[in-house]
Enquirer: 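This structure is in structure tokens; I'll ask about it shortly.
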Amino acid sequence: MTSESRRDEIGERVVRAKSKLEWDTPMYQLAVSQLDQTAEIMNLDANIWERLRTPQRAHVVSFPFRRDDYDTVETVFGYRVQHLLTMGPTKGGIRYDEDVNLGEVTALAMWMSWKCAIMGLPFGGAKGGVRIDPNSLSLTELQRITRRFTSEIIEVIGPDRDIPAPDLGTDGQVMSWIMDTYSQQKGYAVPGVVTGKPIEIGGSEGRLEATGRGAIACAVEAGRRLGLSLGESAVVVQGYGEVGGTVARLARALGAKVVGISDVKGGLYNASGLNLAGVDAWLRENRFLSGFPDGDGVTNSELLELPCDILIPAAIQNQITKRNASALQCHLLVEAANGPTDLDADAILDSRGITVVPDILANAGGVTVSYFEWVQGLQQFFWTEKEVNDRLIELIQRAYHEVESIADRRGVSLRTAALIRGIERIADAKRRRGLFP
Ligand code: GLU
């Protein structure tokens, strides 16, 4: 056999082996297409490129879950994907959502790898999920499911191994139960196994607001590039949870007019700016925004098309697609959510001259303060809120400007530049470590 035909044969075998990847879903395809497009522009080493397209480890578990009535036992599915083990422990959130699947978690784990590398954090990307609607659970059910899921993945997490954090549908309380379950098994307190913990058990000042704070810092920097001052801008925020709520409040504190906000059920619009203190008071009495008197009700899709200077999606993935990208009326789009814009929409926004600060940069504030929390926990030495916020702003501004200068130098979008920055760092590390055996 000639070496050429042998190569062909191997090539065919590789293609066959990869024709049915378990995680191959639209969201995974989006993450891989972003990688592929960038790798081509960068002229990335083909072997490293290939390694980055699939996760290094993907864990799928199924476990029994007993409802409060003690009669019903359901089988629940959970995932933990570790995309890249080259850079240090892996890092990324756990989401509870009834649609979560292996492909979604894999895409999110890849994005975590780029995010950590852009910020210069010593982590590879990971993500986890449990396929359940958290709103359908009582507090005791939420605790039971969290503790059981933790024990299912206990061998693959740990402060030196893989460190979960909050994501959609999970919060500091869920992190506390994960920390407790893990610590019970070890026989001593291990706060470093998760981040996003409450302060009482080793959480960090500033973590709760970190994602929103980072997104606002990016909006300020990108606004400067466009001659758009945040303090004089009209801002629309999709989502009013931990991230969206912080984004709206910080934008307002800097003088911006927050003209639109939304939750899962729908949004509010007020062209002269919403009274956020009034909104917060309303939400303390009513669970949802709907019915708030001082604004017009809009649907979530209408919200994205409202006239504004800066649009900040801070909810879920796949919100801006070819269906609505031509209708957006903003000048700047800051992706506080993960994966809100698909590839078609990206191209449309680019051709319309709308600047996009990509998720892997715009929402990297969360994992950055998670890193600070992890470091503080390891050293048993805690920082003030000011120290945390100052260091976050310093790192995110530096990352933003590194990305912006790549964009200018190469004539590419901020998303492509951010991907180049992250992938380049990972490729350098992979080259240094070499291949085993
Ligand atoms: N879930 C967040 C994210 O998508 C935070 C991850 C972390 O803090 O590890 O970036």
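Remember, it's 1-based here, ligands and their atoms both numbered in the order they're listed. Numbering of residues begins at 1 and proceeds along the displayed sequence.
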Enquirer: Which of the atoms in ligand 1, numbered in the order shown and given with their element, are less than 4.0 Å from a heavy-atom of S370?
Expert: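 What qualifies from ligand 1 is 7 (C), 8 (O), 9 (O).
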Enquirer: Enumerate the atoms of ligand 1 whose separation from the nearest heavy atom of M112 is less than 4.0 angstrom.
Expert: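 Per the distance check, 3 (C), 4 (O), 6 (C), 10 (O).
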Enquirer: With atoms numbered from 1 as shown, which atoms in ligand 1 lie under 4.0 angstrom from a non-hydrogen atom of D167?
Expert: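 This gives 1 (N), 2 (C), 4 (O) as the contact atoms.
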Enquirer: We want to know whether Q317 and N338 form a side-chain donor-acceptor pair, criterion being a heavy-atom distance below 3.5 angstrom.
Expert: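 Looking only at side-chain atoms, N338 and Q317 do not form any donor-acceptor pair under 3.5 Å.
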Enquirer: When you compare the side chains of W49 and D36, does any donor N or O come within less than 3.5 Å of an acceptor on the partner?
Expert: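 Yes, because at least one side-chain N or O of W49 sits under 3.5 Å from a partner of the opposite role on D36.
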Enquirer: Would D350 and R415 pass as an ion pair if we require N to O under 4.0 Å?
Expert: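 The answer is no: the pair does not qualify as a salt bridge.
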Enquirer: Below 4.0 angstrom, N of the basic side chain to O of the carboxylate: do R147 and D180 qualify?
Expert: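 Counted as a salt bridge, because a side-chain N and a carboxylate O are separated by less than 4.0 Å.
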Enquirer: Which atoms of ligand 1 have any heavy atom of K115 under 4.0 Å away?
Expert: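 Within the 4.0 Å cut-off of K115, ligand 1 contributes 3 (C), 4 (O), 10 (O).
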Enquirer: Nearest non-hydrogen atom to atom 5 (C) of ligand 1 belongs to which of E373, K91, K127, R207?
Expert: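 Ranked by closest heavy atom to atom 5 (C) of ligand 1, first place is R207.
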Enquirer: Assess P166 for proximity to ligand 1: is some non-hydrogen atom of it under 4.0 Å away?
Expert: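 P166: in contact with ligand 1 (<4.0 Å).
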Enquirer: In terms of side-chain heavy atoms, does S138 have a donor or acceptor partner in D68 at a distance below 3.5 Å?
Expert: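 There is such a pair between these side chains.
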Enquirer: Assess whether side-chain hydrogen bond (donor to acceptor under 3.5 Å, both in side chains) is satisfied between S370 and T195, documenting all intermediate values.
Expert: CA-CA 5 Å; S370 274; T195 60; 2.7 Å; yes
Enquirer: Judged by non-hydrogen atoms, does G196 sit under 4.0 Å from ligand 1?
Expert: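 No.
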Enquirer: Tell me, which protein residue and heavy-atom name are nearest atom 7 (C) of ligand 1, and how many Å apart are they?
Expert: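 Among all protein heavy atoms, the one nearest atom 7 (C) of ligand 1 is A165 CB, 3.3 Å.
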